[in-house]
Peer 1: 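If you scroll down you'll find the structure; I have some questions about it.
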Amino acid sequence: MNLFSKIQLAPKDAIFGVSEAYAADTAPDKVNLGVGVYYTDEGKVPLLKAVYAAEQELIAKKSPRAYVAAEGPNPYNTAVQNLLFGADSPLLKEGRVATVECLGGTGALRVGADFIKTYVIDNAPAAISNPTWDNHRGVFESAHFEVIDYGYYDPKTRGVDFALMTSALESFPKNTTVILHTCCHNPTGADLNEEQWKKIISICKTRELIPFLDIAYQGFADGIEEDGKVVRLFAESGLLFFVASSFSKSFSLYGERVGGLCVVTQSKDEANRVLSQLKRIIRTNYSNPPTHGAAIVATVLNSPQLRKMWEEELAEMRNRIKSMRHALKEKLIEAGVKQDFSFIENQRGMFSYSGLSAEQVERLAKEDHIYAIATGRICMAALNTKNLDKVAKAIAKVIVSK
Ligand code: LMR
């Protein structure tokens, strides 16, 4: 008997499948606007100066690589909490937040999903925005959730369809886990305003929903403090909730897999019990987290000087993306596009939900070696002063001759 004869070929990942196609393309001027990665104007993934400085400190310490506790090192977890909730957060002072280091934001979502399914509620669905980051569905389905969605984006206004979103949330069964992008919505770049967040909080309360905040792009909209605002609103609301966070983008530490999961509980005692079960999930999955990425992040965030350096570098990344948004809009006009593309400038974070169809995206790859996600999501952080003309002309071509 052949054990594997019935195994079917899995479909390519919607995001990393594009990276594979890009890697296989031999054209010298190919462009990857697929995966959400920040590149410099030279087209390189940066090694941040603050990260390099922290690594030098760590090397000088000659630290051994012993096991760390399943939840990750305390200086890292405290730094994660402070960044999300604010160092003076009453919740943190009361010890009500259970925090574990996780393997990136994805790992944090999965540990949280497993925790909810195993220990909190096993017969309620998880709800994702439509559209959302492709892997949200996969992560929650793998954790055996039924995944439903809530309307979010209005292609006509290129903004949030708030009425659609709230009516969906109001119809969800009690204890539905609702995954919410706190800033830089992936893939649309359309975020809620403060009033709208307050309304979402109130619905979560009355409908007894479980908010699961996903914050993978803190610092890419307006700044670290500003982008943490939504987490603070939930913290002030009295709700119990989850936060999955990531340093992949903000520290340019993609491959190190550094993220965190915070669970806001009712009391210190409850936080201890939650933490003990999160540790079991980690122990039975990958035992304990890797050390290097978290050591870098903790070193930077716990040193005033390195933190300042990091915030400056983050601002530089944020501003470069904004300048590319403006430049692409202008170049599209120059290339003869009549359609109004000013929405590119209003979207926040790394992505633009361009409105390009799957066929147009396919043509970009075939005819011009430019790779994007089939949904029309393009990574603005991969544009630079050298590839901008080529990209604008190629987009103009597929729009004009559709
Ligand atoms: C993306 O959306 O492109 C990134 O978050 C990378 C990923 O893991 O999909």
Peer 1: Are side-chain heavy atoms of L33 and M380 found at a separation under 4.5 Å?
Peer 2: no
Peer 1: Can you tell me if Y371 and D25 form a side-chain donor-acceptor pair at under 3.5 Å?
Peer 2: yes
Peer 1: Taking the side chain as C-beta and beyond, is there a heavy-atom pair between W133 and I179 under 4.5 Å?
Peer 2: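 When only atoms from C-beta onward are counted, I179 and W133 do not touch, as no gap falls below 4.5 Å.
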Peer 1: Is any side-chain heavy atom of F242 less than 4.5 Å from a side-chain heavy atom of T177?
Peer 2: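 F242 does not reach T177 side chain to side chain.
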Peer 1: Short question: side chain of S276, backbone of R273 - any donor-acceptor pair under 3.5 Å?
Peer 2: yes
Peer 1: Distance only, no hydrogens: is a donor on one side chain within 3.5 Å (strictly under) of an acceptor on the other, for T299 and E57?
Peer 2: no
Peer 1: For F241 and F234, take the angle between the two ring planes, folded into 0 to 90°, and tell me which bin it lands in: parallel under 30, tilted 30 to 60, perpendicular over 60.
Peer 2: tilted
Peer 1: Using the side chain to side chain donor-acceptor pair (under 3.5 Å) definition, which of the options R318, K229, R348 pairs with D222?
Peer 2: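 Exactly one option meets the side chain to side chain donor-acceptor pair (under 3.5 Å) with D222, and it is R348.
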Peer 1: Does a donor on one side chain sit under 3.5 Å from an acceptor on the other, for H185 and Q347?
Peer 2: no
Peer 1: Given side chains that start at C-beta, do those of C379 and V37 come closer than 4.5 Å, heavy atoms only?
Peer 2: no
Peer 1: So among S246, S252, S250, which one has a side chain to side chain donor-acceptor pair (under 3.5 Å) with S248?
Peer 2: S246
Peer 1: Starting at CG of D29, measure out to CG of D368 and round the result to the nearest 0.5 Å.
Peer 2: 8.5 Å
Peer 1: For F145, does the six-membered ring have the charged nitrogen or CZ of K117 within the cation-pi criterion, i.e. under 6.0 angstrom from the centroid and within 45° of the normal?
Peer 2: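 Yes, K117 lies over the aromatic ring of F145.
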Peer 1: Looking only at heavy atoms, what is the nearest atom pair of R137 and D149, with distance?
Peer 2: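 Result for this residue pair: NH2-OD2, 4.2 Å.
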Peer 1: Got F343 and T157 here, is their nearest side-chain heavy-atom distance under 4.5 Å?
Peer 2: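 Counting from C-beta outward, F343 and T157 never come under 4.5 Å.
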Peer 1: Could you check whether any side-chain N or O of D227 sits under 3.5 Å from a backbone N or O of A221, counting only pairs where one atom can act as donor and the other as acceptor?
Peer 2: yes
Peer 1: Counting C-beta onward and ignoring hydrogens, is there a side-chain heavy-atom pair between L83 and R307 closer than 4.5 Å?
Peer 2: yes
Peer 1: Should K386 and D41 count as side-chain neighbours, where that means a heavy-atom distance under 4.5 Å?
Peer 2: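 Heavy-atom side-chain distance check passes, below 4.5 Å.
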Peer 1: With no hydrogens and no angle check, just 3.5 Å: does a side-chain donor-acceptor pair link Q277 and Y119?
Peer 2: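 Distance-only check passes for Q277 and Y119.
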Peer 1: Strictly by modelled atom types, are D122 and H144 linked by a side-chain donor-acceptor pair under 3.5 Å?
Peer 2: no
Peer 1: Taking the six-membered ring for Trp and the full ring for Phe, Tyr or His, determine whether the centres of F220 and F351 are under 6.0 Å apart.
Peer 2: no
Peer 1: Which atoms form the tightest heavy-atom contact between F212 and A244, and what is the distance?
Peer 2: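 Minimum heavy-atom separation between F212 and A244: CE2-CB, 3.8 Å.
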Peer 1: Is R377 reaching over with its side chain to a backbone N or O of A372, donor-acceptor style, under 3.5 angstrom?
Peer 2: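 Such a contact is absent between R377 side chain and A372 backbone.
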Peer 1: Drop me the distance from T132's OG1 to Y152's OH, to the nearest 0.5 angstrom.
Peer 2: 9.0 Å
Peer 1: About how many Å separate CG of L91 and CD of E236, when rounded to the nearest 0.5 Å?
Peer 2: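 Nearest 0.5 Å value for the CD-CG distance: 9.0 Å.
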Peer 1: Measure the CD1-OG distance between I201 and S237 for me, rounded to the nearest 0.5 Å.
Peer 2: 5.0 Å
Peer 1: What distance separates I378 CD1 from L328 CG, expressed to the nearest 0.5 Å?
Peer 2: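 If we round to the nearest 0.5 Å, I378:CD1 and L328:CG are 5.5 Å apart.
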Peer 1: Is the closest side-chain heavy-atom distance between L169 and R207 below 4.5 Å?
Peer 2: no
Peer 1: To the nearest 0.5 angstrom, please state how far the CD atom of E345 sits from the CZ atom of R325.
Peer 2: 9.0 Å
